[in-house]
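Reviewing the structure listed below.
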Amino acid sequence: MLYDCRTTADRDRGVAAAVEAVKSGELVVMPTDTVYGIGADAFTPHAITALHHARSVTDRVPPPILVGSRHTLDGLVYSLPVAARELADAFWPGALTLYVEHTPSLQWDLGETGGKVAVRMPLHPVALEVLREVGPMAVTTANRVGNVPPTTAEEARDQLEYSVRIYLEAGAASDPAPSTIVDVTGTTPRVLRAGAISFEKLRDVVADIEPSDSSGFSAPSGAGRGTGS
């Protein structure tokens, strides 16, 4: 089912249907402030498997996690560095992904995370409505591997078809640039992927942040590599 969230009635029905689908372990496609994402409940293993199958993924790279509240981050991490708090306070919701050490006791099976995971709070009202109802979701770009990331739910449906239960349409993505990824697991924050938030803006908040490797850095598994989210 595709719901046009640009109308109030359809938006309310669509969000409710998406919430029900996620809680039932099914997949949804929803808008974010970058591109459209395909998402599943982060704590339902078969839903994570379905997400990989829908995208024709074979290597099970851990998907990024989207949250609907800044405070949700505190429940996911082992210890949140001061720099991470400052960055989240400055740029969340928004196009900043934080690569953090997650709490070992979390009951999820995202793949080989190595104890680390990428987390973001998107700046889109529809996504936030869903996330605040269902909690953390594993979300990556709503395309099959090798295809162009979609900027509308209609484009996503053309690729993913019946593998997804609910599609939430909110028009073309306003800024398809990927999020900036910052690793806060070490002693000094470091940019893993340049993106929508410039290094200069990051440095205004955290003065000692290190830039990405200009020689061509590849984000490690779990840091949102190749997701565009």
Side-chain angles (χ1 to χ4, degrees), residues 22-23 32-34 37 39-45 47-48 51 60-124 127-128 130-140 178-197 199 201-212 217-229:
V22 174
K23 290 183 176 180
T32 74
D33 45 347
T34 55
D41 176 27
F43 298 97
T44 302
I48 303 299
L51 186 152
R60 281 186 61 87
V61 172
I65 300 298
L66 294 191
V67 296
S69 167
R70 155 70 182 79
H71 301 293
T72 304
L73 182 62
D74 295 317
L76 298 178
V77 300
Y78 178 73
S79 178
L80 193 65
V82 173
R85 293 184 185 277
E86 292 174 341
L87 289 168
D89 288 342
F91 299 109
W92 278 14
L96 173 69
T97 296
L98 294 175
Y99 190 51
V100 299
E101 292 185 8
H102 66 75
T103 302
S105 60
L106 290 177
Q107 299 298 308
W108 60 19
D109 182 14
L110 301 176
E112 295 298 325
T113 66
K116 301 175 182 180
V117 69
V119 185
R120 188 165 85 86
M121 181 181 178
L123 181 58
H124 196 289
L128 290 175
V130 175
L131 290 163
R132 286 167 179 163
E133 287 293 324
V134 303
M137 289 178 63
V139 180
T140 186
S179 65
T180 300
I181 303 177
V182 177
D183 183 351
V184 293
T185 64
T187 55
T188 302
R190 180 164 61 103
V191 176
L192 298 185
R193 181 181 72 188
I197 298 175
F199 178 71
K201 289 182 179 180
L202 297 171
R203 191 169 53 188
D204 286 342
V205 177
V206 178
D208 62 344
I209 191 169
E210 297 178 353
S212 59
F217 178 82
S218 292
S221 295
R225 181 181 178 184
T227 67
S229 63

With no hydrogens and no angle check, is any side-chain donor or acceptor of [X] less than 3.5 Å from a backbone partner on [Y]?
{"X": "T180", "Y": "I197", "value": "yes"}
{"X": "T103", "Y": "V77", "value": "yes"}
{"X": "T97", "Y": "I181", "value": "no"}
{"X": "R120", "Y": "P64", "value": "no"}
{"X": "E210", "Y": "D208", "value": "no"}

Ignoring hydrogens, what is the shortest heavy-atom contact between [X] and [Y]? Give both atom names and the distance.
{"X": "S179", "Y": "T34", "result": "N-CG2, 4.1 Å"}
{"X": "A138", "Y": "I65", "result": "CA-CD1, 3.9 Å"}
{"X": "G39", "Y": "V139", "result": "CA-CG2, 3.9 Å"}
{"X": "Y99", "Y": "A118", "result": "CD1-N, 3.9 Å"}
{"X": "T32", "Y": "G37", "result": "CG2-N, 4.5 Å"}
{"X": "A42", "Y": "L110", "result": "O-CD2, 3.8 Å"}

Do NZ/NE/NH1/NH2 and the carboxylate oxygens of D183 and R193 come within less than 4.0 Å?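 Result for this pair is no, no salt bridge flagged.
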Tell me whether R70 is salt-bridged to D89, with the criterion being a basic N under 4.0 Å from an acidic carboxylate O.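 Salt bridge: yes.
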First locate atom [atom1] of [X], then atom [atom2] of [Y], and finally report the distance between them rounded to the nearest 0.5 Å.
{"X": "L51", "Y": "T44", "atom1": "CG", "atom2": "OG1", "value": "12.0 Å"}
{"X": "K201", "Y": "I209", "atom1": "NZ", "atom2": "CD1", "value": "14.0 Å"}
{"X": "D33", "Y": "H124", "atom1": "CG", "atom2": "NE2", "value": "8.0 Å"}
{"X": "E101", "Y": "T185", "atom1": "CD", "atom2": "OG1", "value": "6.0 Å"}
{"X": "M121", "Y": "L73", "atom1": "CE", "atom2": "CG", "value": "10.5 Å"}
{"X": "L98", "Y": "L96", "atom1": "CG", "atom2": "CG", "value": "4.5 Å"}

State, yes or no, whether a side-chain contact exists between [X] and [Y] at a heavy-atom distance under 4.5 Å.
{"X": "D41", "Y": "V134", "answer": "no"}
{"X": "V119", "Y": "V67", "answer": "yes"}
{"X": "L66", "Y": "P136", "answer": "no"}
{"X": "L87", "Y": "W92", "answer": "no"}
{"X": "L131", "Y": "P122", "answer": "yes"}

Side chain to side chain contact (heavy atoms under 4.5 Å, CB included) evaluation trace for L76 with D74: CA-CA 6 Å; L76 298 178; D74 295 317; over 6 Å; no
Using 30° and 60° as the class limits, which term best fits the ring planes of F43 and W108: parallel, tilted or perpendicular?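 F43 and W108: parallel rings.
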